[in-house]
A.B. asks: 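Sharing a structure here in structure tokens format.
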Protein chains: 2
Amino acid sequence: MDPIEVFKALSNESRLQILQWLKEPEKHFVPHEGVDMRTIGVCVSQVTDKLNMTQSTASQYLSILQRAGLIRTERIGKYTYYKRDEEKISELAAYLNQEL
Amino acid sequence: MDPIEVFKALSNESRLQILQWLKEPEKHFVPHEGVDMRTIGVCVSQVTDKLNMTQSTASQYLSILQRAGLIRTERIGKYTYYKRDEEKISELAAYLNQEL
DNA sequence: ATATTATATCTACATTTCTCGATATGTCAA
DNA sequence: TTGACATATCGAGAAATGTAGATATAATAT
């Protein structure tokens, strides 16, 4: 885990927002293709709709969160689903407690 | 606490470094005027010497950490001492565990 | 009062980040 | 195969950040 990369990813209101939305996805996103948001995740379009930004920006933000290790991706058909990587997020908390 | 401001402050190698040095100041800084680094802190010159950067940059970085609430300042004579604000840092850890 | 030292602030330039529109790529449906 | 849709990537301009030098301010020492 590169803490600098993680902190940079978290240094943006919208990206922090996305991560929080993904904590309880069914509370924040409209259902989609009958997939279980909790286990599969939400797709880029769902995030784009909720952010007030373009598809391009939403896709890039999700990439940044993924490269930082905070979310995981799974492609199903033409959709790409993203969900939180709770293990990595716990590692971050552990880093904060130990190193910081 | 403004988490975005905090994450921004932590998104820089040198500033993260400073915060870690301040965890065990006597291991990382040369003594100064006989002050107890643990209770009083370290002054801008000590940080400047250890960073490989200018006094201007060191002072600015310390300000950023302070505005983010991660360190506290105390002026004694012509020196300004900085030390960690452990309470605020714990708040950050709590934020991570609850909100993030 | 003046010189010296420590720190803060101002200005500036280079680099990075933000955000978009345009376009490419991947996948499915007809 | 073509068309439609979802996503990713590219290129660009505006804004923010990184970092330095110059200078201002504050405190001390002579």
Side-chain angles (χ1 to χ4, degrees), chain A residues 2-19 22 29-35 37 40-68 70-83, chain B residues 2-19 22 29-35 37 40-68 70-83:
Chain A
D2 175 359
I4 298 284
E5 190 177 19
V6 174
F7 290 136
K8 280 186 182 174
L10 296 173
S11 296
N12 175 282
E13 185 75 41
S14 302
R15 289 192 298 261
L16 198 56
Q17 194 66 260
I18 291 171
L19 212 56
L22 286 176
F29 297 97
V30 304
H32 179 261
E33 301 268 324
V35 306
M37 302 179 196
I40 304 289
V42 304
C43 72
V44 181
S45 311
Q46 289 171 288
V47 176
T48 301
D49 290 348
K50 190 128 179 75
L51 277 181
N52 231 1
M53 300 190 173
T54 64
Q55 180 271 325
S56 170
T57 300
S59 176
Q60 284 176 89
Y61 280 2
L62 289 166
S63 280
I64 289 170
L65 288 169
Q66 191 201 336
R67 280 197 297 275
L70 296 163
I71 60 181
R72 289 189 58 61
T73 194
E74 179 180 1
R75 179 114 200 187
I76 297 182
K78 60 180 174 180
Y79 302 100
T80 308
Y81 295 94
Y82 288 92
K83 67 164 185 255
Chain B
D2 176 358
I4 298 284
E5 190 177 18
V6 173
F7 290 135
K8 280 187 182 173
L10 296 173
S11 296
N12 174 281
E13 185 75 43
S14 301
R15 289 192 298 261
L16 199 55
Q17 194 63 262
I18 292 171
L19 212 55
L22 285 176
F29 296 97
V30 304
H32 179 260
E33 302 266 324
V35 306
M37 301 178 194
I40 304 290
V42 304
C43 72
V44 181
S45 311
Q46 288 171 287
V47 175
T48 301
D49 289 348
K50 190 128 179 74
L51 277 182
N52 230 3
M53 299 190 173
T54 64
Q55 180 271 326
S56 169
T57 299
S59 176
Q60 285 174 86
Y61 281 3
L62 289 166
S63 279
I64 289 169
L65 288 169
Q66 191 202 339
R67 279 197 298 276
L70 296 162
I71 60 180
R72 289 190 57 62
T73 194
E74 180 179 2
R75 179 115 201 185
I76 298 183
K78 60 180 173 178
Y79 301 101
T80 308
Y81 295 94
Y82 288 92
K83 66 165 186 252

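Chain identifiers are assigned alphabetically (A, B, ...) following the order of the sequence lines, protein sequences preceding nucleic acid strands; residue numbering begins at 1 within each chain. Remember, predicted model here, so these are calculated numbers, not experimental data.
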A.B. asks: Considering residues at least two apart in sequence or located in another chain, which fulfil the side-chain contact (heavy atoms from CB on, under 4.5 Å) criterion with B:L16?
C.D. replies: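 A:P3, A:I4, A:F7, A:Y95, A:L100, B:L10, B:Q20.
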A.B. asks: Please give me every residue in residues 46-54 of chain A whose heavy atoms get under 4.0 Å of an atom in DNA chain C, ordered by residue number.
C.D. replies: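 Here the set is A:M53, A:T54.
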A.B. asks: List for me each residue that meets side-chain contact (heavy atoms from CB on, under 4.5 Å) alongside B:N52, sequence neighbours excluded, and say none if there are none.
C.D. replies: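 Testing B:N52 for side-chain contact (heavy atoms from CB on, under 4.5 Å), a comparison that skips the adjacent residues, returns none.
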A.B. asks: Mind checking A:Y81 for me? I need base, sugar-phosphate or nothing, with any heavy atom below 4.0 Å counting as a touch.
C.D. replies: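 Here A:Y81 touches no strand at all.
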A.B. asks: With a 4.0 Å cut-off on heavy atoms, is A:S59 in touch with a base, just the backbone sugar-phosphate, or nothing at all?
C.D. replies: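 If one applies the 4.0 Å heavy-atom cut-off, A:S59 turns out to touch a base.
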A.B. asks: Could you tell me which residues satisfy side chain to side chain donor-acceptor pair (under 3.5 Å) with B:Q17, sequence neighbours excluded, listed by chain and number?
C.D. replies: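 B:Q17 satisfies side chain to side chain donor-acceptor pair (under 3.5 Å) with B:W21 once adjacent residues are dropped.
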A.B. asks: How close or far is atom P of D:dA8 from atom CG of A:L65, stated in whole angstroms?
C.D. replies: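 So the two atoms are 13 Å apart, to the nearest Å.
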A.B. asks: Going 5' to 3' on DNA chain C, which nucleotide is the first and which the last to come under 4.0 Å of a heavy atom in chain B?
C.D. replies: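 Answer, 5' to 3': C:dT5 to C:dC10.
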A.B. asks: Give a yes/no on whether any side-chain N or O of A:Y82 is located under 4.0 angstrom from OP1 or OP2 of D:dA8.
C.D. replies: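 Indeed, a polar side-chain atom of A:Y82 lies that close.
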A.B. asks: Listed in order of residue number, which residues of residues 73-80 of chain B have a non-hydrogen atom at under 4.0 Å from DNA chain C?
C.D. replies: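 DNA chain C contact set from residues 73-80 of chain B: B:K78, B:Y79, B:T80.
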A.B. asks: When you check the phosphate oxygens OP1 and OP2 of D:dT7, does a side-chain N or O of A:S45 lie under 4.0 Å from one of them?
C.D. replies: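 Indeed, a polar side-chain atom of A:S45 lies that close.
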A.B. asks: So, under a plain 3.5 Å distance rule, would you say the side chain of A:S56 forms a donor-acceptor pair with the base of D:dT9?
C.D. replies: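 Side chain to base: pair found, below 3.5 Å.
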A.B. asks: Apply side-chain contact (heavy atoms from CB on, under 4.5 Å) to B:T57 and list each qualifying residue two or more places apart in sequence or on a separate chain.
C.D. replies: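 Applying side-chain contact (heavy atoms from CB on, under 4.5 Å) to B:T57 gives B:M53, B:T54, B:Y61.
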A.B. asks: State which residues pass side chain to side chain donor-acceptor pair (under 3.5 Å) with B:S56; sequence neighbours excluded, sorted by chain then number.
C.D. replies: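 Partners of B:S56 by the side chain to side chain donor-acceptor pair (under 3.5 Å) criterion, ordered by chain and then number, come out as B:Q60.
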A.B. asks: How many whole angstroms separate atom CG of A:L62 from atom P of D:dA6?
C.D. replies: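 From A:L62 CG to D:dA6 P: 15 Å.
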A.B. asks: Within the structure provided, determine whether B:V47 and B:L62 are in side-chain contact (heavy-atom separation under 4.5 Å).
C.D. replies: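 When only atoms from C-beta onward are counted, B:L62 and B:V47 do touch, with a gap below 4.5 Å.
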A.B. asks: Please report the closest heavy-atom contact between B:T73 and B:Q66, naming both atoms and the distance.
C.D. replies: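 Taking B:T73 first and B:Q66 second, the nearest heavy atoms are CG2-NE2, 3.6 Å.
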A.B. asks: Taking DNA chain C as the partner, which of residues 6-16 of chain B come within under 4.0 angstrom of it by heavy atom?
C.D. replies: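 Under 4.0 Å from DNA chain C: no residue of residues 6-16 of chain B.
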A.B. asks: Taking ring-ring contact (aromatic ring centres under 6.0 Å, His included) as the definition, give me every residue that meets it alongside A:Y79, ordered by chain and number, with sequence neighbours left out.
C.D. replies: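 Counting only residues at least two positions away or on another chain, A:Y79 forms a ring-ring contact (aromatic ring centres under 6.0 Å, His included) with A:H32.
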A.B. asks: Check side-chain contact (heavy atoms from CB on, under 4.5 Å) between A:S59 and all other residues, then give those that pass, not counting sequence neighbours.
C.D. replies: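 side-chain contact (heavy atoms from CB on, under 4.5 Å) check on A:S59 returns A:V44, A:Q55.
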A.B. asks: About how many Å separate CD1 of B:I18 and CG of B:L70, when rounded to the nearest 0.5 Å?
C.D. replies: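 Rounded to the nearest 0.5 Å, the CG-CD1 separation comes to 11.5 Å.
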A.B. asks: Using only heavy-atom distances, decide whether a donor-acceptor pair under 3.5 angstrom links the side-chain of A:Q60 to the base of D:dA8.
C.D. replies: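 Such a pair does not exist between side chain and base.
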A.B. asks: With rounding to the nearest 0.5 angstrom, report the SG to NZ distance, B:C43 to B:K78.
C.D. replies: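 Going from the SG atom of B:C43 to the NZ atom of B:K78 covers 10.5 Å.
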A.B. asks: State which residues pass side chain to side chain donor-acceptor pair (under 3.5 Å) with A:S11; sequence neighbours excluded, sorted by chain then number.
C.D. replies: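 With neighbours one apart ignored, the set is B:S11.
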A.B. asks: Starting at CG of A:D2, measure out to NZ of A:K8 and round the result to the nearest 0.5 Å.
C.D. replies: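 It is 8.5 Å, given to the nearest 0.5 Å.
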